[in-house]
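Take a look at the structure set out below.
In the text below, chain A, chain B and the rest are named by the order of the sequence lines, each starting its count at 1.
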Amino acid sequence: MNNAKIRVATASLAGCFGCHMSFLDIDERLVGLLEHVEFGRSPLTDIKHCGPCDIALIEGGLCNAENVHVLSELRANSKILIAVGACAINGGIPAMRNHYSLRECLEETYLNGVGVENPQIPNDVELPLLLSKVHPLHEVVHVDYYLPGCPPSADAFLKILGDLLAGDEPSLPKNLLHYD
Amino acid sequence: MRAEPKRDTAIPNTITIDGQEIPFSIGQTIMDAALAAGVYIPHLCHRPGLTPHGSCKLCTVSIEGRNVASHTADRRIQASSSVEIDSRSVSACTMPAMAGQQIRNNTPALNEVRKTITQMLFIEGNHLCPSCEKTGDCTLQAVAYHLGMLDGHFPQLSPRREVDASHGSVVLDRDRCILCELCVRASREVDGKNVFAISGRGIDAHLIVNSASGKLADSDLETGDMAAHICPVGAILIKEHGYEVPIGRRTFDLHRVSEIGLEPVILAKVRHTDE
Ligand code: SF4
Ligand code: SF4
Ligand code: FES
(Lines give C-alpha, C1' and ligand atoms only; values in the text may rest on other atoms or scores of the structure.)
(Ligands and ions follow the chains in the order given, each with its own letter.)
Protein backbone atom coordinates (compact mmCIF):
# COMPACT_ATOMS: atom_id res chain seq x y z
CA MET A 1 0.00 0.00 0.00
CA ASN A 2 1.30 3.50 -0.74
CA ASN A 3 1.12 6.23 1.85
CA ALA A 4 -2.00 7.90 0.53
CA LYS A 5 -4.76 7.63 3.10
CA ILE A 6 -7.95 5.75 2.42
CA ARG A 7 -10.86 8.19 2.16
CA VAL A 8 -13.93 7.20 4.13
CA ALA A 9 -17.34 8.89 3.89
CA THR A 10 -20.22 8.14 6.26
CA ALA A 11 -23.90 9.02 6.31
CA SER A 12 -26.91 8.43 8.53
CA LEU A 13 -30.14 8.12 6.53
CA ALA A 14 -33.29 6.73 8.18
CA GLY A 15 -31.36 5.58 11.22
CA CYS A 16 -30.89 6.77 14.79
CA PHE A 17 -27.16 7.59 14.71
CA GLY A 18 -26.62 4.57 16.93
CA CYS A 19 -24.29 3.01 14.35
CA HIS A 20 -22.17 6.17 14.25
CA MET A 21 -22.07 6.21 18.06
CA SER A 22 -21.02 2.57 18.08
CA PHE A 23 -18.30 3.33 15.51
CA LEU A 24 -16.96 6.02 17.85
CA ASP A 25 -16.87 3.35 20.57
CA ILE A 26 -13.62 2.22 19.01
CA ASP A 27 -12.30 4.95 21.37
CA GLU A 28 -8.54 5.38 21.36
CA ARG A 29 -8.23 2.90 18.51
CA LEU A 30 -9.50 5.76 16.35
CA VAL A 31 -6.04 7.29 16.65
CA GLY A 32 -4.42 4.26 15.05
CA LEU A 33 -7.11 4.13 12.39
CA LEU A 34 -6.50 7.77 11.46
CA GLU A 35 -2.95 6.84 10.48
CA HIS A 36 -4.52 5.03 7.53
CA VAL A 37 -7.84 6.75 6.81
CA GLU A 38 -9.23 10.25 6.52
CA PHE A 39 -12.87 11.22 6.66
CA GLY A 40 -14.61 13.04 3.84
CA ARG A 41 -18.35 13.68 3.82
CA SER A 42 -19.62 12.62 7.22
CA PRO A 43 -21.63 13.88 10.18
CA LEU A 44 -18.33 13.48 12.06
CA THR A 45 -16.61 16.14 9.90
CA ASP A 46 -19.77 18.09 9.05
CA ILE A 47 -18.77 18.02 5.37
CA LYS A 48 -22.13 17.90 3.57
CA HIS A 49 -21.27 16.68 0.10
CA CYS A 50 -19.35 13.77 -1.13
CA GLY A 51 -16.18 13.91 -3.20
CA PRO A 52 -14.60 10.75 -4.54
CA CYS A 53 -13.90 8.31 -1.72
CA ASP A 54 -12.77 4.74 -1.24
CA ILE A 55 -15.27 3.49 1.33
CA ALA A 56 -18.77 4.73 2.18
CA LEU A 57 -20.30 3.54 5.45
CA ILE A 58 -24.04 4.07 5.37
CA GLU A 59 -26.32 3.78 8.35
CA GLY A 60 -30.11 3.80 8.04
CA GLY A 61 -32.58 2.85 5.34
CA LEU A 62 -34.53 5.04 2.95
CA CYS A 63 -37.66 6.78 4.23
CA ASN A 64 -37.68 10.01 2.19
CA ALA A 65 -36.52 11.50 -1.11
CA GLU A 66 -33.49 13.18 0.47
CA ASN A 67 -32.22 9.81 1.74
CA VAL A 68 -32.31 8.54 -1.86
CA HIS A 69 -30.35 11.58 -3.14
CA VAL A 70 -27.68 11.26 -0.46
CA LEU A 71 -27.36 7.54 -1.11
CA SER A 72 -27.07 8.03 -4.89
CA GLU A 73 -24.37 10.68 -4.42
CA LEU A 74 -22.40 8.37 -2.13
CA ARG A 75 -22.78 5.43 -4.47
CA ALA A 76 -21.62 7.47 -7.46
CA ASN A 77 -18.53 8.65 -5.57
CA SER A 78 -17.42 5.60 -3.63
CA LYS A 79 -15.53 2.51 -4.66
CA ILE A 80 -16.91 0.35 -1.87
CA LEU A 81 -20.27 0.95 -0.27
CA ILE A 82 -21.12 -0.79 3.00
CA ALA A 83 -24.66 -1.06 4.40
CA VAL A 84 -24.16 -0.64 8.14
CA GLY A 85 -26.70 -1.81 10.69
CA ALA A 86 -30.18 -3.32 10.70
CA CYS A 87 -31.94 -0.31 9.14
CA ALA A 88 -29.61 -0.10 6.12
CA ILE A 89 -29.91 -3.86 5.62
CA ASN A 90 -33.65 -4.46 5.97
CA GLY A 91 -35.26 -1.15 6.94
CA GLY A 92 -35.07 -1.90 10.67
CA ILE A 93 -37.26 -0.13 13.21
CA PRO A 94 -38.38 2.66 10.82
CA ALA A 95 -39.73 -0.08 8.52
CA MET A 96 -42.29 -0.93 11.19
CA ARG A 97 -44.34 1.81 9.57
CA ASN A 98 -44.60 -0.32 6.43
CA HIS A 99 -47.45 -2.09 8.18
CA TYR A 100 -49.52 1.08 7.75
CA SER A 101 -50.26 3.49 4.93
CA LEU A 102 -48.36 6.77 4.98
CA ARG A 103 -51.63 8.62 5.59
CA GLU A 104 -52.39 6.46 8.64
CA CYS A 105 -48.90 7.18 10.04
CA LEU A 106 -49.16 10.94 9.54
CA GLU A 107 -52.68 11.12 10.97
CA GLU A 108 -51.72 9.11 14.00
CA THR A 109 -48.59 11.20 14.61
CA TYR A 110 -49.83 14.69 13.90
CA LEU A 111 -53.62 14.60 14.27
CA ASN A 112 -54.97 11.82 16.45
CA GLY A 113 -52.00 10.81 18.62
CA VAL A 114 -52.05 11.09 22.39
CA GLY A 115 -51.12 14.58 23.62
CA VAL A 116 -51.03 16.26 20.17
CA GLU A 117 -51.61 20.02 20.43
CA ASN A 118 -52.52 22.20 17.46
CA PRO A 119 -52.99 19.17 15.20
CA GLN A 120 -51.77 19.63 11.62
CA ILE A 121 -49.71 17.56 9.19
CA PRO A 122 -46.43 19.41 8.40
CA ASN A 123 -46.23 20.39 4.73
CA ASP A 124 -43.40 22.93 4.51
CA VAL A 125 -41.75 22.84 1.07
CA GLU A 126 -38.35 22.44 2.77
CA LEU A 127 -39.35 19.05 4.13
CA PRO A 128 -38.23 16.07 2.03
CA LEU A 129 -41.10 14.04 0.68
CA LEU A 130 -41.70 10.78 2.51
CA LEU A 131 -41.60 7.53 0.59
CA SER A 132 -44.70 5.38 0.91
CA LYS A 133 -42.55 2.56 2.35
CA VAL A 134 -39.19 2.39 4.09
CA HIS A 135 -36.64 0.49 1.98
CA PRO A 136 -33.23 -1.07 2.64
CA LEU A 137 -30.28 0.27 0.62
CA HIS A 138 -29.82 -2.74 -1.65
CA GLU A 139 -33.25 -2.19 -3.19
CA VAL A 140 -31.95 1.08 -4.70
CA VAL A 141 -28.17 0.85 -5.21
CA HIS A 142 -25.59 -1.89 -5.41
CA VAL A 143 -24.23 -2.67 -1.95
CA ASP A 144 -20.75 -4.19 -1.74
CA TYR A 145 -20.72 -5.39 1.87
CA TYR A 146 -23.06 -5.69 4.83
CA LEU A 147 -22.29 -5.06 8.47
CA PRO A 148 -25.27 -6.29 10.52
CA GLY A 149 -26.12 -5.34 14.08
CA CYS A 150 -28.31 -2.88 15.94
CA PRO A 151 -25.80 -1.38 16.21
CA PRO A 152 -22.78 -3.36 14.97
CA SER A 153 -20.19 -3.38 17.75
CA ALA A 154 -17.09 -1.21 17.61
CA ASP A 155 -15.08 -4.42 17.12
CA ALA A 156 -17.21 -5.30 14.09
CA PHE A 157 -16.48 -1.90 12.52
CA LEU A 158 -12.77 -2.33 13.13
CA LYS A 159 -12.81 -5.85 11.75
CA ILE A 160 -14.43 -4.92 8.44
CA LEU A 161 -12.29 -1.76 7.99
CA GLY A 162 -9.16 -3.68 9.02
CA ASP A 163 -9.87 -6.37 6.44
CA LEU A 164 -10.40 -3.78 3.70
CA LEU A 165 -7.27 -1.83 4.64
CA ALA A 166 -5.29 -5.06 4.49
CA GLY A 167 -6.73 -5.77 1.07
CA ASP A 168 -8.65 -8.83 2.30
CA GLU A 169 -12.23 -9.87 1.65
CA PRO A 170 -14.14 -8.66 4.75
CA SER A 171 -15.52 -11.40 6.95
CA LEU A 172 -17.13 -11.34 10.35
CA PRO A 173 -16.34 -14.07 12.86
CA LYS A 174 -19.43 -15.71 14.41
CA ASN A 175 -19.06 -13.87 17.71
CA LEU A 176 -19.37 -10.50 15.95
CA LEU A 177 -22.40 -11.50 13.87
CA HIS A 178 -25.62 -10.23 15.45
CA TYR A 179 -28.84 -8.79 14.11
CA ASP A 180 -29.81 -7.21 17.44
CA MET B 1 -18.55 -72.81 12.39
CA ARG B 2 -20.93 -69.89 12.08
CA ALA B 3 -23.85 -70.24 9.72
CA GLU B 4 -23.68 -68.08 6.67
CA PRO B 5 -25.67 -64.93 7.63
CA LYS B 6 -28.75 -64.18 5.62
CA ARG B 7 -28.32 -61.81 2.78
CA ASP B 8 -30.01 -58.73 4.30
CA THR B 9 -28.62 -59.07 7.79
CA ALA B 10 -25.20 -58.94 6.25
CA ILE B 11 -25.81 -55.33 5.35
CA PRO B 12 -24.75 -53.18 8.28
CA ASN B 13 -27.36 -50.63 9.33
CA THR B 14 -25.21 -47.61 8.78
CA ILE B 15 -25.33 -44.53 6.63
CA THR B 16 -22.43 -42.23 5.87
CA ILE B 17 -22.73 -38.48 6.35
CA ASP B 18 -19.81 -36.43 5.05
CA GLY B 19 -17.59 -39.46 5.37
CA GLN B 20 -18.64 -40.33 8.93
CA GLU B 21 -20.29 -43.71 9.38
CA ILE B 22 -23.46 -43.49 11.46
CA PRO B 23 -25.64 -46.34 12.76
CA PHE B 24 -29.41 -46.26 12.48
CA SER B 25 -32.33 -48.49 13.33
CA ILE B 26 -35.15 -49.36 10.99
CA GLY B 27 -37.77 -46.63 10.92
CA GLN B 28 -35.39 -43.78 11.66
CA THR B 29 -35.04 -40.91 9.25
CA ILE B 30 -31.67 -39.52 8.20
CA MET B 31 -32.34 -36.64 10.64
CA ASP B 32 -33.08 -39.04 13.53
CA ALA B 33 -29.88 -40.97 12.92
CA ALA B 34 -27.81 -37.81 12.53
CA LEU B 35 -29.15 -36.22 15.73
CA ALA B 36 -28.58 -39.46 17.66
CA ALA B 37 -24.98 -39.44 16.48
CA GLY B 38 -24.48 -35.77 17.32
CA VAL B 39 -24.34 -34.63 13.71
CA TYR B 40 -26.08 -31.32 13.02
CA ILE B 41 -28.21 -30.98 9.91
CA PRO B 42 -29.75 -27.47 9.82
CA HIS B 43 -33.51 -27.60 10.37
CA LEU B 44 -36.42 -25.36 11.33
CA CYS B 45 -39.66 -27.31 10.97
CA HIS B 46 -38.35 -30.44 12.67
CA ARG B 47 -38.58 -31.22 16.38
CA PRO B 48 -37.86 -34.71 17.72
CA GLY B 49 -41.05 -36.30 19.00
CA LEU B 50 -43.37 -34.63 16.50
CA THR B 51 -44.36 -36.06 13.13
CA PRO B 52 -41.92 -34.74 10.51
CA HIS B 53 -43.42 -32.09 8.28
CA GLY B 54 -40.77 -31.59 5.59
CA SER B 55 -41.74 -28.04 4.70
CA CYS B 56 -38.83 -25.70 5.40
CA LYS B 57 -36.26 -27.59 3.29
CA LEU B 58 -33.39 -26.33 5.46
CA CYS B 59 -32.47 -29.96 6.07
CA THR B 60 -31.85 -30.63 2.39
CA VAL B 61 -28.97 -33.09 1.96
CA SER B 62 -27.80 -34.91 -1.11
CA ILE B 63 -27.59 -38.64 -1.48
CA GLU B 64 -25.14 -40.09 -3.91
CA GLY B 65 -26.60 -42.98 -5.81
CA ARG B 66 -30.11 -44.17 -5.32
CA ASN B 67 -31.04 -46.93 -2.87
CA VAL B 68 -27.58 -48.33 -3.19
CA ALA B 69 -28.02 -50.56 -0.18
CA SER B 70 -30.97 -52.55 -1.37
CA HIS B 71 -28.84 -53.87 -4.19
CA THR B 72 -25.97 -54.89 -1.90
CA ALA B 73 -22.52 -55.49 -3.21
CA ASP B 74 -23.18 -55.31 -6.87
CA ARG B 75 -22.18 -52.85 -9.55
CA ARG B 76 -24.42 -50.17 -8.03
CA ILE B 77 -22.03 -49.85 -5.14
CA GLN B 78 -19.10 -49.49 -7.47
CA ALA B 79 -21.10 -46.91 -9.37
CA SER B 80 -21.77 -44.96 -6.19
CA SER B 81 -18.09 -44.52 -5.54
CA SER B 82 -17.66 -42.45 -8.66
CA VAL B 83 -18.58 -38.92 -7.73
CA GLU B 84 -22.06 -37.38 -8.09
CA ILE B 85 -23.64 -40.28 -9.96
CA ASP B 86 -27.37 -40.11 -9.57
CA SER B 87 -27.00 -37.61 -6.73
CA ARG B 88 -30.31 -36.21 -5.57
CA SER B 89 -31.57 -33.80 -2.95
CA VAL B 90 -33.86 -35.01 -0.18
CA SER B 91 -35.23 -33.66 3.09
CA ALA B 92 -33.30 -35.37 5.88
CA CYS B 93 -36.24 -35.05 8.28
CA THR B 94 -38.59 -37.13 6.13
CA MET B 95 -36.24 -39.44 4.24
CA PRO B 96 -35.89 -42.87 5.84
CA ALA B 97 -32.31 -43.89 6.58
CA MET B 98 -31.31 -46.82 4.41
CA ALA B 99 -28.21 -48.91 4.68
CA GLY B 100 -25.31 -47.66 2.64
CA GLN B 101 -26.62 -44.19 1.88
CA GLN B 102 -23.73 -41.85 1.08
CA ILE B 103 -24.95 -38.46 2.23
CA ARG B 104 -23.46 -35.01 1.83
CA ASN B 105 -24.58 -32.48 4.43
CA ASN B 106 -22.10 -29.83 5.51
CA THR B 107 -20.86 -28.70 2.11
CA PRO B 108 -20.40 -25.12 0.86
CA ALA B 109 -22.92 -25.71 -1.95
CA LEU B 110 -25.67 -27.06 0.34
CA ASN B 111 -25.06 -24.34 2.93
CA GLU B 112 -25.34 -21.71 0.20
CA VAL B 113 -28.73 -23.12 -0.84
CA ARG B 114 -29.81 -23.19 2.82
CA LYS B 115 -28.73 -19.57 3.21
CA THR B 116 -30.87 -18.58 0.23
CA ILE B 117 -33.87 -20.39 1.74
CA THR B 118 -33.26 -18.57 5.03
CA GLN B 119 -33.04 -15.21 3.25
CA MET B 120 -36.38 -15.92 1.60
CA LEU B 121 -37.92 -16.69 5.01
CA PHE B 122 -36.66 -13.35 6.32
CA ILE B 123 -37.86 -11.13 3.46
CA GLU B 124 -41.19 -12.93 3.15
CA GLY B 125 -42.22 -11.87 6.66
CA ASN B 126 -41.39 -8.86 8.80
CA HIS B 127 -38.29 -9.85 10.71
CA LEU B 128 -37.03 -6.75 12.48
CA CYS B 129 -34.88 -8.49 15.06
CA PRO B 130 -34.00 -5.42 17.16
CA SER B 131 -37.69 -4.95 17.99
CA CYS B 132 -38.48 -8.64 18.50
CA GLU B 133 -38.87 -10.18 21.96
CA LYS B 134 -37.54 -13.45 20.63
CA THR B 135 -34.17 -12.12 19.52
CA GLY B 136 -31.34 -14.26 20.86
CA ASP B 137 -33.77 -17.12 21.54
CA CYS B 138 -34.89 -17.43 17.92
CA THR B 139 -33.97 -20.53 15.92
CA LEU B 140 -34.46 -18.81 12.56
CA GLN B 141 -32.00 -16.11 13.57
CA ALA B 142 -29.58 -18.70 14.98
CA VAL B 143 -29.69 -20.73 11.76
CA ALA B 144 -29.03 -17.53 9.81
CA TYR B 145 -25.97 -16.86 12.00
CA HIS B 146 -24.84 -20.45 11.49
CA LEU B 147 -25.06 -19.99 7.71
CA GLY B 148 -23.29 -16.62 7.83
CA MET B 149 -26.26 -14.67 6.47
CA LEU B 150 -25.46 -10.94 6.36
CA ASP B 151 -28.42 -9.57 4.41
CA GLY B 152 -31.81 -10.50 3.00
CA HIS B 153 -30.57 -10.35 -0.61
CA PHE B 154 -34.10 -10.15 -2.06
CA PRO B 155 -36.42 -7.11 -1.89
CA GLN B 156 -38.47 -7.02 1.31
CA LEU B 157 -42.05 -8.11 0.71
CA SER B 158 -43.23 -6.17 3.80
CA PRO B 159 -46.51 -8.08 3.99
CA ARG B 160 -49.34 -6.81 6.18
CA ARG B 161 -50.29 -9.55 8.58
CA GLU B 162 -52.63 -9.63 11.53
CA VAL B 163 -51.61 -9.61 15.17
CA ASP B 164 -53.89 -11.46 17.58
CA ALA B 165 -53.43 -10.10 21.10
CA SER B 166 -56.88 -11.17 22.29
CA HIS B 167 -55.66 -13.96 24.60
CA GLY B 168 -54.88 -13.07 28.20
CA SER B 169 -51.46 -14.74 28.29
CA VAL B 170 -50.38 -15.51 24.72
CA VAL B 171 -49.86 -13.23 21.72
CA LEU B 172 -49.77 -14.30 18.09
CA ASP B 173 -47.78 -12.01 15.79
CA ARG B 174 -48.11 -13.41 12.28
CA ASP B 175 -45.43 -11.00 10.95
CA ARG B 176 -42.82 -13.49 12.12
CA CYS B 177 -44.58 -16.79 11.37
CA ILE B 178 -42.59 -19.04 9.05
CA LEU B 179 -45.42 -21.57 8.64
CA CYS B 180 -43.37 -24.41 10.11
CA GLU B 181 -46.50 -25.97 11.67
CA LEU B 182 -44.67 -26.88 14.88
CA CYS B 183 -47.50 -25.26 16.87
CA VAL B 184 -50.08 -27.06 14.74
CA ARG B 185 -48.47 -30.45 15.40
CA ALA B 186 -47.70 -29.79 19.07
CA SER B 187 -51.33 -28.87 19.69
CA ARG B 188 -52.67 -31.96 17.96
CA GLU B 189 -50.08 -34.55 18.92
CA VAL B 190 -48.97 -33.49 22.39
CA ASP B 191 -51.62 -31.20 23.87
CA GLY B 192 -54.53 -33.26 22.51
CA LYS B 193 -56.17 -30.09 21.20
CA ASN B 194 -56.44 -28.64 17.74
CA VAL B 195 -55.81 -24.94 18.16
CA PHE B 196 -53.86 -24.05 15.01
CA ALA B 197 -53.89 -24.74 11.27
CA ILE B 198 -52.47 -23.21 8.11
CA SER B 199 -54.95 -21.77 5.65
CA GLY B 200 -54.47 -20.33 2.15
CA ARG B 201 -51.86 -21.12 -0.47
CA GLY B 202 -48.52 -19.77 -1.61
CA ILE B 203 -47.87 -16.23 -0.49
CA ASP B 204 -51.35 -16.08 1.08
CA ALA B 205 -50.74 -19.01 3.41
CA HIS B 206 -51.23 -17.96 7.01
CA LEU B 207 -51.79 -19.37 10.46
CA ILE B 208 -55.41 -19.58 11.59
CA VAL B 209 -56.87 -20.27 15.02
CA ASN B 210 -59.55 -22.86 15.49
CA SER B 211 -62.26 -20.95 17.36
CA ALA B 212 -65.64 -19.54 16.37
CA SER B 213 -64.28 -15.99 16.23
CA GLY B 214 -60.89 -17.04 14.83
CA LYS B 215 -59.33 -15.33 17.87
CA LEU B 216 -56.94 -16.94 20.34
CA ALA B 217 -59.01 -15.72 23.30
CA ASP B 218 -61.84 -18.01 22.22
CA SER B 219 -59.61 -21.05 21.65
CA ASP B 220 -58.71 -23.55 24.35
CA LEU B 221 -54.98 -22.67 24.23
CA GLU B 222 -53.39 -22.49 27.68
CA THR B 223 -49.92 -21.39 28.74
CA GLY B 224 -49.11 -24.93 29.89
CA ASP B 225 -49.54 -26.24 26.34
CA MET B 226 -46.54 -27.19 24.29
CA ALA B 227 -48.10 -25.24 21.40
CA ALA B 228 -47.75 -22.05 23.39
CA HIS B 229 -43.98 -22.53 23.75
CA ILE B 230 -42.75 -24.40 20.71
CA CYS B 231 -42.67 -21.59 18.13
CA PRO B 232 -39.08 -21.36 16.86
CA VAL B 233 -39.53 -17.66 16.05
CA GLY B 234 -41.27 -14.78 17.76
CA ALA B 235 -44.74 -15.49 16.36
CA ILE B 236 -46.25 -17.10 19.46
CA LEU B 237 -45.06 -15.43 22.64
CA ILE B 238 -46.05 -15.69 26.28
CA LYS B 239 -47.11 -12.29 27.52
CA GLU B 240 -45.30 -10.51 30.37
CA HIS B 241 -42.12 -12.60 30.15
CA GLY B 242 -40.51 -10.93 27.13
CA TYR B 243 -37.42 -9.36 28.63
CA GLU B 244 -36.76 -11.48 31.72
CA VAL B 245 -33.47 -12.60 30.22
CA PRO B 246 -31.45 -9.66 28.89
CA ILE B 247 -30.28 -9.56 25.27
CA GLY B 248 -26.73 -10.87 25.21
CA ARG B 249 -27.48 -13.65 27.76
CA ARG B 250 -30.05 -15.55 25.72
CA THR B 251 -29.98 -19.11 24.39
CA PHE B 252 -28.10 -18.38 21.19
CA ASP B 253 -25.88 -15.78 22.78
CA LEU B 254 -24.55 -18.65 24.89
CA HIS B 255 -25.07 -21.63 22.58
CA ARG B 256 -24.62 -22.47 18.92
CA VAL B 257 -27.67 -23.76 17.07
CA SER B 258 -25.48 -26.66 15.89
CA GLU B 259 -25.20 -28.03 19.44
CA ILE B 260 -27.32 -31.16 19.65
CA GLY B 261 -30.12 -31.54 22.22
CA LEU B 262 -30.84 -27.85 22.79
CA GLU B 263 -34.62 -28.35 22.48
CA PRO B 264 -35.19 -28.67 26.23
CA VAL B 265 -33.13 -25.50 26.86
CA ILE B 266 -35.16 -23.60 24.28
CA LEU B 267 -38.51 -25.04 25.33
CA ALA B 268 -38.25 -24.87 29.09
CA LYS B 269 -36.62 -21.51 29.23
CA VAL B 270 -38.23 -18.80 31.29
CA ARG B 271 -35.07 -17.72 33.03
CA HIS B 272 -31.59 -18.69 32.10
CA THR B 273 -30.02 -21.01 34.65
CA ASP B 274 -27.28 -18.60 35.58
CA GLU B 275 -29.50 -15.54 35.94
S1 SF4 C 1 -38.62 -14.02 14.87
FE2 SF4 C 1 -36.39 -14.29 14.95
S3 SF4 C 1 -35.68 -13.65 12.94
FE4 SF4 C 1 -37.77 -12.88 13.18
S5 SF4 C 1 -37.54 -10.82 14.01
FE6 SF4 C 1 -37.74 -12.19 15.76
S7 SF4 C 1 -35.63 -12.69 16.33
FE8 SF4 C 1 -35.56 -11.86 14.24
S1 SF4 D 1 -46.70 -19.64 14.76
FE2 SF4 D 1 -44.58 -20.31 15.07
S3 SF4 D 1 -44.77 -22.54 15.40
FE4 SF4 D 1 -46.66 -21.87 14.47
S5 SF4 D 1 -46.40 -22.16 12.27
FE6 SF4 D 1 -45.85 -20.03 12.73
S7 SF4 D 1 -43.64 -20.09 13.05
FE8 SF4 D 1 -44.34 -22.20 13.21
S1 FES E 1 -36.42 -29.65 8.89
FE2 FES E 1 -37.84 -28.53 7.67
S3 FES E 1 -37.90 -29.77 5.86
FE4 FES E 1 -36.67 -30.94 7.19
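- With hydrogens and angles ignored, the 3.5 Å screen pairs a side-chain donor or acceptor of A/Asn90 with a backbone N or O of B/His127.
- Checked by atom type and distance alone, the side chain of A/Glu139 pairs as donor or acceptor with a backbone atom of B/Gln156 at under 3.5 Å.
- When the shell of 6.0 Å around NZ of A/Lys79 is examined, it contains 12 or fewer heavy atoms from other residues, nucleotides or ligands.
- Few gaps surround CZ on A/Arg29; more than 12 heavy atoms of other groups in view lie less than 6.0 Å from it.
- Nearest approach of A/Ile93 to B/Ser131, heavy atoms of both residues: CD1-CB, 3.4 Å.
- Expressed to the nearest 0.5 Å, how far OG of B/Ser158 lies from CE of A/Met96 amounts to 12.0 Å.
- In this structure, chain B has a heavy atom under 4.5 Å from the backbone of A/Tyr100, while its side chain stays farther away.
- Between chain B and the options A/Gly92, A/Ser171, A/Ala86, the largest number of non-hydrogen pairs under 4.5 Å is found for A/Gly92.
- Atom CD of B/Glu259 is surrounded by more than 12 heavy atoms from other residues, nucleotides or ligands within 6.0 Å.
- Nearest heavy atom pair, residue A/Glu104 against residue B/Arg160, reads OE1-NH1, 4.4 Å.
- Proximity to chain B (any heavy atom under 4.5 Å) is shown, for A/His99, by both the backbone and the side chain.
- Here the side chain of A/His178 pairs no donor or acceptor atom with the backbone of B/Gly136 at under 3.5 angstrom.
- Among the candidates B/Arg161, B/Arg256, B/His146, B/Met149, the residue making the largest number of heavy-atom pairs closer than 4.5 Å to chain A is B/Met149.
- Summarising the local packing, NE2 of B/His206 is surrounded by more than 12 heavy atoms from other residues, nucleotides or ligands at distances under 6.0 Å.
- Residue A/Pro148 comes nearest to B/Leu150 through the heavy atom pair CG-O, 3.7 Å, listed as atom of the first residue, atom of the second, then distance.
- Between the CG atom in B/Leu128 and the CG atom in A/Asn98 there is a gap of 8.5 Å [rounded to 0.5 Å].
- Of the possible donor and acceptor atoms, one in the side chain of B/Tyr145 sits under 3.5 Å from a partner among the backbone N and O of A/Tyr179.
- More than 12 heavy atoms of other residues, nucleotides or ligands lie within 6.0 Å of CZ in B/Phe154, so this atom counts as buried by the packing criterion.
- Put simply, CG on A/Leu147 and CG on B/Asp151 are 12.0 Å apart, with the number rounded to the nearest 0.5 Å.
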Requested in this report: Walk me through it: do A/His138 and B/His153 pass the test side chain to side chain contact (heavy atoms under 4.5 Å, CB included)?
Outcome: CA-CA 8 Å; A/His138 74 270; B/His153 183 79; 5.8 Å; no
